[in-house]
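Notes follow the structure.
In what follows, residues are counted from 1 in the order of the sequence shown. Not measured: the values here are computed from a predicted model.
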Amino acid sequence: MSPEEIHFQHPRLSLAQIHGALTYYYEHQADLDARIADSAREHSAPETAQRRSELQHRLADLKRVH
């Protein structure tokens with residue numbers, strides 16, 4: 001998206017803020033992309049899904065009790 005499109009989608013952000021964020025991203029793109037990829041792998045890992053499933057079961061049990 002262009003900065004103008006981002007501003008249209010998020011009018012509370014000024015164009016200066018958007019340009020600043022994009023500047024920061026492009027100056028640190030390799031590191032940020034690596035972090036995003038790591039986070040995506042963590043959240044899609046089978047053990048994460050299993051932990052979420054266990055948590056969902058526990059929450060459902062708590063709801064039934066209360």
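Scanning for ring-ring contact (aromatic ring centres under 6.0 Å, His included) contacts around His19 gives an empty result, with sequence neighbours left out. By the side-chain hydrogen bond (donor to acceptor under 3.5 Å, both in side chains) test, Tyr25 is found to be paired with Gln29, Asp33, residues two or more places apart in sequence or in another chain being considered.
When hydrophobic clusters are built by joining Ile, Leu, Val, Met, Phe, Trp and Tyr residues whose side-chain heavy atoms come closer than 4.5 Å, directly or via intermediates, Tyr26 is not grouped with Ile36.
Note that CG of Leu59 and CZ of Arg64 are 11.0 Å apart. Values are rounded to the nearest 0.5 Å.
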Table please: side-chain donor-acceptor pairs of residues 3-10 below 3.5 Å, with sequence neighbours left out.
from	atom 1	to	atom 2	distance (Å)
Glu5	OE2	Gln9	NE2	2.9
His7	ND1	Leu13	O	2.7

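Sorted by first and then second residue, the salt bridge (Lys or Arg N to Asp or Glu O under 4.0 Å) pairs involving residues 19-32 (not counting sequence neighbours) are Asp31-Arg35.
The pair Asp38-Arg41 counts as a salt bridge, with a side-chain nitrogen and a carboxylate oxygen less than 4.0 angstrom apart.
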